[in-house]
There are 2 protein chains.
Amino acid sequence: MSDEGSTASVNGRQISRPTLEQVAARAGVGRGTVSRVINGSPRVSEQTRAAVARAVAELGYVPNQAARALAGSRTDAIALVIPEAEARLFAEPYFLDLIRGVSAELAEADKQLLLTLVRTEQERQRFEQYLAAQRVDGVLLASVHGDDPLPDRIRELGIPVVMNGRRSEAEPVPYVDSDNIGAGRAAVAHLVGRGRQRIATVTGPPDMYVARARLGGYLAGLAEAGHTPDEGLVAAGDFTEDGGRSAMRSLLERRPELDAVFAASDVMAAGARAALREAGRRVPEDVALVGVDDSPVARLMDPPLTSVRQPIEEMGRTMARMLLDDVSGTLEDTPKRVLPTELVVRESC
Amino acid sequence: MSDEGSTASVNGRQISRPTLEQVAARAGVGRGTVSRVINGSPRVSEQTRAAVARAVAELGYVPNQAARALAGSRTDAIALVIPEAEARLFAEPYFLDLIRGVSAELAEADKQLLLTLVRTEQERQRFEQYLAAQRVDGVLLASVHGDDPLPDRIRELGIPVVMNGRRSEAEPVPYVDSDNIGAGRAAVAHLVGRGRQRIATVTGPPDMYVARARLGGYLAGLAEAGHTPDEGLVAAGDFTEDGGRSAMRSLLERRPELDAVFAASDVMAAGARAALREAGRRVPEDVALVGVDDSPVARLMDPPLTSVRQPIEEMGRTMARMLLDDVSGTLEDTPKRVLPTELVVRESC
DNA sequence: CAACGACGTGGGAGCGCTCCCATCAGGGGA
DNA sequence: TCCCCTGATGGGAGCGCTCCCACGTCGTTG
């Protein structure tokens, strides 16, 4: 009775899960040999390998993860941390796409995805406890603000991290970002190409690098087209629909003659659209509109919104790959990757 | 050197995590006593408890999760399984809301959320391996089709399961669903109240219970209003925008005189909206439209869409709570919970 | 005044792995 | 023929915890 593996009762019946030891007995080999086979070590003869494989199949053996983690001090799990506030704010499919990419990559590497939505400061601290409890081999961080100390703290704990986006131009922690400057430039270039003269922008909150970068792209685009920048044509939003609406109102008040708007997100573009309709401006006849994200709302807007697409899922995959490399020690130090964006033209300009 | 806890190197420096043993030594008590304090056992004197708490704080002790799982055979982790295909199909925020609810509830109970997106049949099988590896204490299943054997298989493994939605009227596995029949009835009652006479419906795929239930609600609503059902007013979609569009086209062809449509999802309603526009029908003047989900696209449609809201986040919370109860053994057998839906009236009817 | 619970406590015995060292055959070179 | 090296294998020693039994030490009861 003492060597039957762990058991669980199901409707009174006992289901028992075999252990390494039992597989070894069945295959007529030692524990170490079975372990070697399971972990794909080359130091096993072909014959033995086959015998062990047979025993594994016959018993339906699956290694116990907890025991592996304890003995080998690695968990085969990765945490993805998403601040709850952001999950509401952002064009919502963003995080689903990101999760999809991360998940796909981790599945290929046979790693588990631990999803952590962080709501409060208290939960943040609890998250650091999890890390200390050695539940994960590495951490992926989505949507970090400019002054967030978490990435550095995690690194201090000796745990590999990769971020989605960066906190500033000179980000010391490994990250994967999309080309936000390029996004702004592409949008402006397109509007200029359509003959627009007075191009405004609705930006994100200035404490986020992504907002500053898109604004930078907008300014660069204007400069390249020989336009003079005008502060009156820049209004700050906060990545919400309401924010987009009021930013647009203030733009219309200050510069009623504007004929195009680059909104730093589709959601803000939707708000801007509403403000334009209020003011009796037609899109695209009177004012052309471009957003960022190419989210489903862009397709559904009236008229459908031209938008700069980010390769979100690909960012997720890249982050996961970088992190796994870091965990396994095959990583260049502090890598940064910036993925290209792409303008998707629809009827709004 | 042999009793210093596990170590990890960080920039060449060594960070060591204390063990129970070390806390015990520091507090001048035995290992068992520290364990009791950590786990909140009442069988410890107040004085000892305080001494241990101090030692824990001084050393920054955090219990090693792998060791706990191995010795205690529980992982404090729950898996949430989402079929990848569905994640694309559905009104996308659906799963984010669900995740949010689950995550909130698990965080309160100090459990981890393991997110599993299942893409292929192969990944499904790998998931069963994970279960066998005892990585999780229980499983939450989202979006199960009528013939899915997975829920039963998991139960056979002796692992607690709760599903989101059900496979049929007589679902043997614990589940949390929303009142889909009530949703259909509410939509029809509203349309009837607005004087609509020829009310059509675009349904989901008939192999999903949720689709049949909403159709059932539609039929019940008609019956309650004294309307005679007409098969020509029923067209099957597949929960996609395209599906909604072609279903609407066929409805218009068969019953050009229809004056209202109940679409079984917002996404299909968006497709139907497009088909109506094509056909020159105005919404709501010629045809009134109601959807289900109350997703962001409903608000953004033109005109904004009346829709039946499901309490998605609340479903997530309820599922998590039920599962945790099941895991801890404090659960009534095979509980079912059906949460109410709510009509959100906008300009589309 | 002895016997007896109750309570608080210490620590042995695992949980199922990985790591690593010792062992054992063979085969080739001196 | 003997020795050494290589490749394959067995199994001890943990990993850090929980479970549980055994051991005082009291206050209480007959």
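Sequence lines set the chain letters: A, B, ... in the order given, protein chains first and strands last, and positions in each chain run from 1. Computed from a predicted structure; not experimentally measured.
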Test applied, side chain to side chain contact (heavy atoms under 4.5 Å, CB included); reference residue, B:P151; option that passes from B:V139, B:V162, B:V144, B:V81
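It is B:V144; the other options fail the test.
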Applying the salt bridge (Lys or Arg N to Asp or Glu O under 4.0 Å) criterion to B:E105, which one of B:R100, B:R317, B:K111 satisfies it?
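The salt bridge (Lys or Arg N to Asp or Glu O under 4.0 Å) with B:E105 is passed solely by B:R317 among B:R100, B:R317, B:K111.
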Just the rounded figure in Å: distance from [atom2] of [N] to [atom1] of [X].
X: A:R74; N: D:dC15; atom1: CZ; atom2: P; answer: 18 Å
X: B:I38; N: D:dT18; atom1: CD1; atom2: P; answer: 8 Å
X: B:R135; N: C:dC15; atom1: CZ; atom2: P; answer: 21 Å
X: A:E21; N: C:dT18; atom1: CD; atom2: P; answer: 13 Å
X: B:L20; N: D:dC15; atom1: CG; atom2: C1'; answer: 13 Å
X: B:L70; N: D:dG14; atom1: CG; atom2: P; answer: 17 Å
X: B:R36; N: C:dT9; atom1: CZ; atom2: P; answer: 8 Å
X: B:R31; N: C:dG8; atom1: CZ; atom2: C1'; answer: 17 Å

Looking only at side-chain N and O atoms, does [X] come under 4.0 Å of OP1 or OP2 in [N]?
X: A:R68; N: C:dT18; answer: yes
X: A:T33; N: D:dG10; answer: yes
X: B:N64; N: D:dC15; answer: no
X: B:S73; N: C:dC15; answer: no
X: B:S45; N: C:dT9; answer: yes

If you take atom types as modelled and just measure distance, does the side chain of B:R43 reach the base of C:dT9 with a donor-acceptor pair under 3.5 Å?
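Check fails, no donor-acceptor contact within cut-off.
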Look at the side chain of B:R49 and the base of C:dG8, then say whether one donor and one acceptor between them are separated by less than 3.5 Å.
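It does not, because no donor-acceptor pair links the side chain of B:R49 to the base of C:dG8 below 3.5 Å.
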Please check if the side chain of A:N164 supplies one atom and the backbone of A:S143 the other of a donor-acceptor pair under 3.5 Å.
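Pair absent, no side-chain N/O of A:N164 close to backbone of A:S143.
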With B:D110 via side-chain contact (heavy atoms from CB on, under 4.5 Å) - residues at least two apart
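B:D110: side-chain contact (heavy atoms from CB on, under 4.5 Å) contacts with A:R126, A:Y130.
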Residue pair B:R43 / B:R36: nearest heavy atoms and the distance that separates them:
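B:R43 and B:R36 have their closest heavy atoms at O-CD, 4.2 Å.
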Assuming nearest nucleotide by heavy-atom distance, tell me which of B:T48 and A:A71 is located more 5' along DNA chain C.
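Result: B:T48.
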Need to verify one output field. Residue with the more 5' nearest nucleotide on DNA chain C, B:G28 or B:A67?
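In this pair, the answer is B:G28.
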